[in-house]
Every structure is written in structure tokens, then in C-alpha cells.
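Have a look at the structure below before the remarks.
Everything numeric in this text was worked out from a predicted model, so none of it was measured. Sequence lines set the chain letters: A, B, ... in the order given, protein chains first and strands last, and positions in each chain run from 1.
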Number of protein chains: 2
Amino acid sequence: MSPDPTCESAKRHIIDACVQSAKIKGYNDACGVLRGTLFLSEEPLSLDDLSRTTGYSKSTVCLNMNLLENLGIAQRVVIPGDKRSWYVAVSDPNSMKAVLLTNIKKEAQLILNALEQTERDLGSCGANTEKIQSKIAAMRHFYKQTDELLRLISRFTTEELIDLLSKAKI
Amino acid sequence: MSPDPTCESAKRHIIDACVQSAKIKGYNDACGVLRGTLFLSEEPLSLDDLSRTTGYSKSTVCLNMNLLENLGIAQRVVIPGDKRSWYVAVSDPNSMKAVLLTNIKKEAQLILNALEQTERDLGSCGANTEKIQSKIAAMRHFYKQTDELLRLISRFTTEELIDLLSKAKI
DNA sequence: AGATACGTTCGGGATAATCGAAACGTACTT
DNA sequence: AAGTACGTTTCGATTATCCCGAACGTATCT
């Protein structure tokens, strides 16, 4: 590839950032290293390529590439007449935006579901739960709005959103 | 508090959701349990309260409440003439919105920084890195936009954003 | 000063996550 | 059929994390 030492050390920044980002999100280091490596490659990489480049065993690479694929960070590319799986980093802005939003979306729906279930169950409960019920209602309202907002945001491109919001009066 | 069994099982949904949400974000179960417990309480809770209610030791509660405070999920309330720390769940919509966005913000700034550093270093590197540099430039553009969008989003309330975006033509 | 009631920090033991080697399944080739 | 080149799964060892009890520091009382 590019064995220039200066060049390689330049790439380290990105890999480090990916590792740190992975750790923040609760994933392991390998995830970050693989993500960074994939992004910095000019061509698609196979599992063996990734294993060789990162130093991780093939099983570890396989496991984590499947995870990255599920997260929408990596994408498997099939080349006809080639058994191997080739991976590329997802670079389409809209897909990347979606990836950034998934965790918030998941959180909103998770909490929203729970709030609605609790609200229902508290209704058929003898005890005096007025105060809690109003708190839950407020919270449900917030997450409902958040959910709605996320849906709207995913309809526009980042560019469009910036345009819309920067023109709006506060 | 409210020892009604039906009522208690209703609350379980919320605590479970908080635990699941915590796990998704890479935090431990205690974080989720504490967050849920705090939210479901009608009054502020002390460390001892939280320890008694959740069954976790005081040291564990202390550790994780500091984390929740740093995350902006819990808030310490000081009552004059009382040594104890009282905790409440942050329920202000704008603060909650900010909490939801922090991870994305962190990711964007982390990656953006790394991209800029790498870009700079690759400039003073002999090897032919045209292809990678253009990839990095594209990526930097995306994260720059994302950063800008996040800044705009934090200027408005969720309600305002919904209003603005739902009126906009696609 | 001593006692008390806090929050916090510090080991250590249990528990879970991580990773590599090897086995496995499968499709294609010879 | 045997061999090959893949991706995947399993298993065990290493490693890191979680959580508790105990010790500690520090105000505020008595």
C-alpha cells in the first residue's frame, strides 16, 4: 500500500479517533481499528486483508466486521466470481447521517414504549399515583416529540437542514 | 413510598428500558437502574435512599450517580442545612435534548479533529496520497456540516424544530 | 475533643468481555 | 472425490469490568 512512515503516522490519528469513538459507544477497540483501517484504504478489503493490516485474528475480524455492517458503518461488497467478502466504509452522507441518529432513535423508542406501558399499568392500579403519572405524561410528550423530530430530520439532507434552520428566526 | 405490587411492576418497565438503554450506550446496569429509580421517585433521593431502593452498595451508587450527573441525566440538589446530596432526574426538555445530542456532538468533533490532523500531516508527506486525501476531504465536509447542524439544532426547542421542518417543502 | 453522618476512594473477588487457535461448513476447483 | 479457499462458530485462556465491604477524609454536631 503506502509504507511511508510519515504517511502511516498521519493515518494513526484517524484510527485513534475511531477507537476512542468506539469505546465511547461501548464497543471494543477492534471495532474502532477496523473502522479506521477500512476508511483509510483506497480499495475494498477482505477479511484476510483486514486481519493482516490490523494484526487481529481472522475470527475477531469476522465478528467485528459483521457488527460494523449491522451498525451501517461498513458495507459488504460482492464481486461476481469471487467468494470473498470485500468491505468498504460507508461514505454516503445520508447513510452516515442515519448511522449517527440510530442510537438516539433507539433510545427514544425504547423509553417511549416503557412509558406507555407503565402509564397503562398505573391506570389499573389502585394506589394514588397522580404525581408520577403526570411526570410520565410529560416525559412521554418529550420522547414523542423527539421521535417526530427524528423522523423529520431523516427526511432532509444535512445541507437542506442547515439551510432551513439558518434562515429561520429564533 | 408506594408498596402496591401492581404499581411496582408497572414501574419495572421503565427501569428495564433504562437498563437496556444504558447497556446500548456502553454503561453498566446500575446506571440504568439508578436512572429509572430516580425518575420514578416523587421526591429527590439521597445516596442512602438510592442504595436502599436499588439494593446496590453505597459506593456503587456514589460512583454511578457521579457518572449520571456528568452525563446530564441526574442533577444534584443541595438543601441548605443538610449535608446530604439529593438527586433528581433532569426533566427539563431542553436539557434532555442536549443530553441526547452530546454523543453525536462528541463523535463529530472527535472524528473531525482527527481528519484535520491527518490531512495536515499527509500534506507534508512525500507519498502519493491523492485518493485518500480526497476521501478525507469529503468526510471532513460531512462532519463539518454535521457539527454545524448540531449547533443549529441546539438553538431551537424541539417544538420549534418540528414546526419549522414540518412546514418546509421537501 | 470525640462522635456522628455524610461522600468518596481503595483493594479484592466474582463476573463478563475479548481475542486467538482450531474445528467446522460450504462452495468451487482439480 | 479429494483439495482448496473462503466465512463462521466454538472453546479456552487472558484480560478488563463490576460491585461490595472497609477504610478514609471531612464537615457538623455534642
Side-chain angles (χ1 to χ4, degrees), chain A residues 15-16 18-38 41 43-71 73-89, chain B residues 15-16 18-38 41 43-71 73-89:
Chain A
I15 293 183
D16 286 350
C18 288
V19 170
Q20 221 176 317
S21 158
K23 278 177 122 171
I24 288 176
K25 291 188 252 171
Y27 304 120
N28 54 28
D29 292 14
C31 254
V33 173
L34 289 166
R35 179 186 175 193
T37 304
L38 201 63
S41 163
E43 301 124 31
L45 296 176
S46 68
L47 288 185
D48 281 318
D49 292 335
L50 286 164
S51 176
R52 206 175 317 113
T53 310
T54 63
Y56 286 110
S57 73
K58 205 172 165 183
S59 56
T60 299
V61 172
C62 174
L63 223 65
N64 286 290
M65 288 314 293
N66 282 329
L67 175 56
L68 287 181
E69 199 184 5
N70 281 332
L71 293 174
I73 292 173
Q75 194 170 11
R76 207 183 292 238
V77 178
V78 176
I79 298 180
D82 192 333
K83 274 194 297 184
R84 282 171 288 184
S85 296
W86 295 95
Y87 288 94
V88 293
Chain B
I15 293 183
D16 286 349
C18 288
V19 170
Q20 222 176 317
S21 159
K23 278 177 121 171
I24 288 176
K25 292 187 251 171
Y27 306 120
N28 54 27
D29 291 14
C31 255
V33 174
L34 288 166
R35 179 186 174 194
T37 304
L38 202 62
S41 162
E43 303 124 31
L45 295 177
S46 68
L47 287 186
D48 280 319
D49 291 335
L50 286 163
S51 177
R52 208 175 316 112
T53 310
T54 63
Y56 286 109
S57 74
K58 203 172 165 182
S59 57
T60 301
V61 172
C62 173
L63 223 65
N64 286 290
M65 288 314 294
N66 282 330
L67 175 57
L68 288 180
E69 198 182 7
N70 281 333
L71 293 174
I73 291 173
Q75 195 170 9
R76 206 183 292 237
V77 178
V78 175
I79 298 181
D82 192 332
K83 273 196 297 186
R84 282 171 286 183
S85 296
W86 295 94
Y87 288 95
V88 293

Who pairs with B:D82 by side-chain hydrogen bond (donor to acceptor under 3.5 Å, both in side chains), at least two apart in sequence or on another chain?
B:R84, B:W86
Sequence neighbours left out, what passes side-chain hydrogen bond (donor to acceptor under 3.5 Å, both in side chains) with A:T37? Give chain and number order.
none
Just the rounded figure in Å: distance from P of D:dC6 to CH2 of A:W86.
8 Å
For B:T54, enumerate each residue passing the side-chain hydrogen bond (donor to acceptor under 3.5 Å, both in side chains) test, keeping only those at least two apart in sequence or located in another chain.
none
Could you state the atom-to-atom distance from NZ of A:K83 to C1' of D:dC6 in whole Å?
5 Å
Please report, rounded to the nearest Å, how far the P atom of C:dT4 is from the CZ atom of B:R84.
17 Å
Shorter than 3.5 Å, N or O on both sides, protein versus nucleotides 13-16 of chain C: list them out with atom names.
none

For A:S85, the side-chain hydrogen bond (donor to acceptor under 3.5 Å, both in side chains) test, sequence neighbours excluded, returns A:R76
Criterion side chain to side chain contact (heavy atoms under 4.5 Å, CB included) on B:M65 and B:L38, from CA distance to verdict
CA-CA 10 Å; B:M65 288 314 294; B:L38 202 62; 4.0 Å; yes
Side chain to side chain contact (heavy atoms under 4.5 Å, CB included) between A:L68 and A:L34, worked out:
CA-CA 9 Å; A:L68 287 181; A:L34 289 166; 4.0 Å; yes
Gap between atoms CG and P, on A:L50 and D:dG7 respectively (whole Å)
10 Å
Would you kindly say whether A:S51 and A:D48 are connected by a side-chain donor-acceptor distance under 3.5 Å?
no
Using atom CG of A:L47 as one end and atom C1' of D:dT9 as the other, report the distance to the nearest whole Å.
14 Å
Before giving the answer on side chain to side chain contact (heavy atoms under 4.5 Å, CB included), spell out for B:L50 and B:S46 the whole-Å C-alpha distance, their side-chain angles and the decisive distance to 0.1 Å.
CA-CA 6 Å; B:L50 286 163; B:S46 68; over 6 Å; no
How close or far is atom P of C:dC6 from atom CZ of B:R76, stated in whole angstroms?
15 Å
Among the nucleotides D:dA27, C:dG7, D:dG7, which one has an atom lying closest to any side-chain atom of B:C62?
C:dG7
Sequence-aligned protein contact record of nucleotides 17-24 of chain D, with B where the base is within under 4.0 Å of a protein heavy atom and S where only the sugar-phosphate is
-SSBB---
Write down the distance between CG (A:N66) and P (D:dC6), rounded to a whole number of angstrom.
17 Å
Protein-nucleotide distance (A:I79, atom CD1; D:dC6, atom P), rounded to Å:
12 Å
Output, in order, the C-alpha distance, side-chain angles, deciding distance and verdict of side chain to side chain contact (heavy atoms under 4.5 Å, CB included) for A:Y87 and A:D49.
CA-CA 10 Å; A:Y87 288 94; A:D49 292 335; over 6 Å; no
Determine the contact category for B:S85: base if any of its heavy atoms lies under 4.0 Å from a base atom, sugar-phosphate if only primed atoms, P, OP1 or OP2 are that close, otherwise nothing.
sugar-phosphate
